[in-house]
Amino acid sequence: MFNLRFDDTNPAAEEEEFVESIIDDVRWLGADWGDRLFFASDYFDRLWAFALQLVETGKAYVCDLSPDEIRSYRGTLTQPGRDSPYRERPAKDSLELFQRMKAGEFPEGARTLRAKIDMASPNLNLRDPVLYRILYARHHRTGDRWCVYPMYDYAHPLCDALEGITHSLCTLEYADHRPLYDWVLDNVESPALSGVRGRPRQIEFARLRASHTVMSKRKLRRLVEEGLVDGWDDPRMPTIAGLRRRGYPPEAIRSFCEQIGVARSDSVVDLAFLEHCVRQDLNRWAPRAMAVLRPLKVTLANYPRDQVEWMEIESNPEDPAAGTRRVPFCGELYIEHDDFLEDPPGKFFRLAPGREVRLKGAYIVKCEGVVKDELTGRIRELRCTFDPATRSEGGEGAGSAGRKVKATIHWVSARHCVPAVVRLYDNLFLAADPEQAAGERDFTANVNPGSLEVLTDCRLEPTLANASPGSRYQFLRQGYFHADPVDCREGRLVFNRIVSLRDTWARVQKTGNAIG
RNA sequence: UGGGGCGUAGCCAAGCGGUAAGGCAGCGGCCUUUGGAGCCGCCAUCGUUGGUUCGAAUCCAACCGCCCCAACCA
């Protein structure tokens, strides 16, 4: 059980624009915080009262040093800091000044409330950290009610305690702040803070990082602002909104998180593992369909001119309960352009002049001729024949006519297919570590120029004609695809490739084993 | 040069004194009407060095490497 809380202690920060989408995304991921949605700003009154108490007990003081002065008084990593000249200000004076800070009597930055801890501490966070600062900014929840705002380090432990939090989990960079977290709890006295579950404890873990992408808000913002992506929910973005738009199922993301574990060592998870989790999930339930992304026309010379057969094909071989669908077949088809090679290398099993392949769920066909564009020499069409004795009759071994073909390829009926736009996504960055490989230039130089390829002439089997936005399919032999929730609608189908299928042929080609 | 953290295979990660789980990636094979899925097999002496112990990835010491900290950010 957990609470969802926004630590909106800084009104200047633009958090506001993110609150709604964070709530939406976290809920989509499957998190359930019941009705326990909180904001640090919910506690501003109580935090103020606790601060008053710290001043009264001499544990905090109002300091008149400017930001620059505070910095120079703080010392360095190796040298201790010096006490502020206002450190020994009488509690009574601090109290009055603190009230006047709240009343808006001083300009922004003129004074702060500081904890009186130890200016010589080797932990810089303990060198009299600022607890409150003056900020004349409108807060998205409290409006203009306040002009003094608590710092995160002060507010966080108190909010945790007030909520009865037992484990306050955060990332490693806060480990140095833990002594301050504990100091605040140790020095504020209140019945409201003595929860039955005991006091909260901060526990740090490494943050999640993945290869071939960037995770920091600062860097993601640059991608958005420099137009390198189309927004925070661009399907290439590692944001929840991006993964969601791309089509990653929340279950797959959760499975990924469970499997990589949580530890304290800095780590970078290979993006391939996330993809594995996505495939693993989708393979189980995503309905199969045939989609030709780069069409190559095929005519079957011996197929009755006006005949149409409706082939019954399983919706998901992984799940017989998913049933079957009926797909129209006729003498004019489209197949994938990549599934034909005029001069195939040794390990190419697909169609080639004089060769046979099986059309998934239909017949074995043989390539008898190639029609080329007279001017460009480009292949325009394939002339094939089909063998009527090889019709797939719902099942393995059926219609084989005693033959074995090396490949089965997907197809669509040219007379029945529906057009679609398909967006092929690839890693946003070419390098596993975008930052490091950038060399002289910054990480943006590593953006993969091929991270998005839009195919506008795709043909889908007609069962996909009314695919609803947000639905996911496996396009046979190609990958998993998501009907884009924003751009896809009836009459204008748009699919995002979530992840490709494992492609051993592509791997063979890459390693050069294909020749010979 | 101060403080905090971390170092187990290319990448994650178990292990907590009794002789290195699991996953991803990779490689080899089987199977297959998705070159998908599935199945089988291969793939580490635990940063280094020394010590304690019958026995150490696990305990101790020193060293090496990497990450974080000097916002009135979170």
Side-chain angles (χ1 to χ4, degrees), chain A residues 7-10 12-13 15 63 65-67 70-72 74-81 108-114 121-127 129-135 148-149 151-153 155-156 170-179 204 206 210-211 217 256 259-277 279-280 283-284 288 290 313-314 316-318 347-350 357-364 390 392 394-400 404-410 432 474-479 500-508:
Chain A
D7 281 322
D8 53 352
T9 54
N10 184 357
E15 271 326 312
C63 180
L65 256 24
S66 71
I70 288 185
R71 190 175 313 124
S72 78
R74 184 154 35 225
T76 68
L77 293 179
T78 52
Q79 293 166 316
E108 203 164 291
R111 291 179 221 265
T112 55
L113 181 74
R114 293 229 260 162
S121 170
N123 181 343
L124 298 259
N125 294 118
L126 262 24
R127 319 246 259 229
V130 170
L131 265 26
Y132 268 88
R133 75 287 216 187
I134 300 172
L135 248 26
V148 288
Y149 291 94
M151 296 290 288
Y152 164 87
D153 282 325
H156 193 68
C170 62
T171 45
L172 250 26
E173 62 269 30
Y174 288 96
D176 283 340
H177 297 241
R178 192 179 346 123
E204 311 87 16
S211 69
K217 192 165 158 186
F256 167 76
Q259 291 183 71
I260 58 175
V262 180
R264 306 197 101 228
S265 53
D266 292 312
S267 59
V268 181
V269 180
D270 194 330
L271 203 58
F273 185 61
L274 210 208
E275 297 185 336
H276 160 78
C277 294
R279 290 191 189 101
Q280 186 176 253
N283 176 53
R284 258 193 326 261
R288 313 288 132 124
M290 293 196 285
I313 304 177
E314 75 277 5
N316 183 354
E318 296 296 313
K347 288 178 181 165
F348 185 82
F349 303 150
R350 282 109 92 152
V357 293
R358 158 137 251 140
L359 295 181
K360 171 72 183 178
Y363 299 98
I364 291 178
T390 58
S392 302
E396 296 180 19
S400 62
K404 258 206 173 333
V405 288
K406 300 260 294 262
T408 297
I409 64 173
H410 60 277
Q474 182 197 92
F475 288 175
L476 233 55
R477 305 206 302 132
Q478 312 206 81
S500 67
L501 248 28
R502 289 187 72 212
D503 187 347
T504 54
W505 167 239
R507 231 181 314 148
V508 168

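Numbers restart at 1 for each chain; the letters A, B, ... are given by sequence-line order, proteins then strands.
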Notebook entry, point to check: Under the side-chain contact (heavy atoms from CB on, under 4.5 Å) test, which residues partner A:Asp8, sequence neighbours left out?
Noted result: A:Phe39, A:Ala40, A:Ser41, A:His139, A:His140, A:Arg141

Checklist line | Assigned partner base of B:rC42, Watson-Crick or wobble definition, under 3.5 Å | finding: B:rG26

Check: Quantified in whole Å, what is the C1' atom distance between nucleotide B:rU45 and nucleotide B:rU19?
Finding: 10 Å

Notebook entry, point to check: Is the backbone N or O of A:Leu271 less than 3.5 Å from a side-chain atom of A:Ser211, with the two atoms forming a donor-acceptor pair by type?
Noted result: yes

Note to self: Say we look at B:rC39 and B:rA44: how far apart would their P atoms be, to the nearest angstrom?
What the structure shows: 22 Å

Notebook entry, point to check: Listed by chain and number, what are the salt bridge (Lys or Arg N to Asp or Glu O under 4.0 Å) partners of A:Glu314, not counting sequence neighbours?
Noted result: A:Lys360

Check: To the nearest Å, how far apart are A:Asp270 CG and B:rC12 C1'?
Finding: 9 Å

Next item on the list: Would you tell me whether A:Ser392 and A:Arg358 have side-chain atoms, one donor and one acceptor, within less than 3.5 Å of each other?
Entry: yes

Margin query: When the P atoms of B:rU49 and B:rA9 are compared, how many Å lie between them, rounded to an integer?
Written below: 16 Å

Check: Between B:rC24 and A:His276, is there an OP1 or OP2 to side-chain N/O distance shorter than 4.0 Å?
Finding: yes

Notebook entry, point to check: Taking atom P of B:rA13 as reference, at what distance in whole Å does atom CG of A:Leu274 sit?
Noted result: 15 Å

Checklist line | P-based separation of B:rA74 from B:rG18 [nearest Å] | finding: 46 Å

Checklist line | Any donor-acceptor N/O pair, A:Arg133 side chain to A:Gly109 backbone, under 3.5 Å | finding: no

Next item on the list: Check every strand shown and say whether A:Ala407 touches a base, only sugar-phosphate, or nothing at a heavy-atom separation below 4.0 Å.
Entry: nothing

Check: Are the side chain of A:Thr390 and the backbone N or O of A:Ile364 linked by a donor-acceptor pair below 3.5 Å?
Finding: yes

Check: Going by a 90° cut-off around 0, is B:rA71 syn or anti?
Finding: syn

Note to self: So is the aromatic ring of A:Phe349 stacked onto the base of B:rG35, judging by whether the centres are under 5.5 Å apart and the planes are under 30° apart?
What the structure shows: yes

Margin query: Which residues pass the salt bridge (Lys or Arg N to Asp or Glu O under 4.0 Å) test with A:Arg111, not counting sequence neighbours?
Written below: A:Asp64

Next item on the list: Measure from the side-chain heavy atoms of A:Ser265 and tell me the nearest of B:rG5, B:rA13, B:rG35.
Entry: B:rA13

Check: Quantified in whole Å, what is the P atom distance between nucleotide B:rU32 and nucleotide B:rA25?
Finding: 23 Å

Note to self: Rounding to an integer number of angstrom, what distance separates B:rC27 and B:rC68 when you compare their C1' atoms?
What the structure shows: 39 Å

Next item on the list: Could you check whether A:Val405 gets within reach of a base, just the sugar-phosphate, or nothing at all, counting any heavy atom under 4.0 Å?
Entry: nothing

Note to self: According to salt bridge (Lys or Arg N to Asp or Glu O under 4.0 Å), who are the partners of A:Arg350, at least two apart in sequence or on a separate chain?
What the structure shows: A:Asp339

Next item on the list: Please state how far atom CG in A:Leu476 lies from atom C1' in B:rU32, giving the value in whole angstrom units.
Entry: 13 Å

Margin query: Determine whether a donor-acceptor pair (one donor, one acceptor, N or O, separation below 3.5 Å) exists between the side chain of A:Arg477 and the base of B:rU34.
Written below: no

Notebook entry, point to check: What does nucleotides 69-74 of chain B look like as a protein-contact string, B for base, S for sugar-phosphate only, - for none, at under 4.0 angstrom between heavy atoms?
Noted result: BBSBSB

Next item on the list: Could you tell me whether A:Gln478 contacts a base, only the sugar-phosphate backbone, or nothing, with contacts defined as non-hydrogen atoms closer than 4.0 Å?
Entry: nothing

Margin query: By the 4.0 Å heavy-atom rule, please label A:Pro317 as base, sugar-phosphate, or nothing.
Written below: base

Check: On a whole-Å scale, what distance lies between the P atoms belonging to B:rC40 and B:rG22?
Finding: 12 Å

Checklist line | Length of the line joining A:Arg288:CZ and B:rA37:C1', which is rounded to integer Å | finding: 8 Å

Next item on the list: For A:Arg279, report the nucleic acid contact type (base, sugar-phosphate, nothing); a contact means any heavy atom under 4.0 Å.
Entry: nothing

Next item on the list: Figure out the CZ/P separation between A:Arg502 and B:rU32, and round it to whole Å.
Entry: 19 Å

Checklist line | Distance below 4.0 Å between A:Thr408 side-chain N/O and B:rU32 OP1 or OP2 | finding: no

Margin query: Is there a side-chain contact between A:Arg264 and the phosphate of B:rC6, meaning an N or O under 4.0 Å from OP1 or OP2?
Written below: yes

Check: Under 3.5 Å, is there a donor-acceptor pair between the side chain of A:Asp153 and the main chain of A:Leu131?
Finding: no

Margin query: So, using side-chain contact (heavy atoms from CB on, under 4.5 Å) as the criterion, who are the partners of A:Thr76 when residues are at least two apart?
Written below: A:Thr78, A:Gln79

Check: How far does the C1' atom of B:rU53 sit from the matching atom of B:rU1, given to the nearest Å?
Finding: 37 Å

Notebook entry, point to check: Rounded to the nearest Å, what distance is computed from the CE atom of residue A:Met290 to the C1' atom of nucleotide B:rU34?
Noted result: 10 Å

Margin query: Within the 4.0 Å heavy-atom criterion, would you say A:Gly361 contacts the bases, only the backbone, or no part of the nucleic acid?
Written below: base

Notebook entry, point to check: Should B:rG65 form a Watson-Crick or G-U wobble pair with both distances under 3.5 Å, which nucleotide is its partner?
Noted result: B:rC6

Notebook entry, point to check: Can a side chain N or O of A:Ser267 be found less than 4.0 Å away from OP1 or OP2 on B:rA13?
Noted result: yes

Next item on the list: Write down the distance between CZ (A:Arg350) and C1' (B:rU33), rounded to a whole number of angstrom.
Entry: 15 Å

Checklist line | First of A:Asn283 and A:Val268 reached from the 5' end of RNA chain B, by closest nucleotide | finding: A:Val268

Check: What integer distance in Å separates A:Ile313:CD1 from B:rU34:C1'?
Finding: 11 Å

Check: Which is true for A:Glu318 with a 4.0 Å heavy-atom rule: it touches a base, it touches only sugar-phosphate, or it touches nothing?
Finding: base

Notebook entry, point to check: Paired with B:rA56 by Watson-Crick or G-U wobble geometry, both distances under 3.5 Å: which nucleotide is it?
Noted result: none

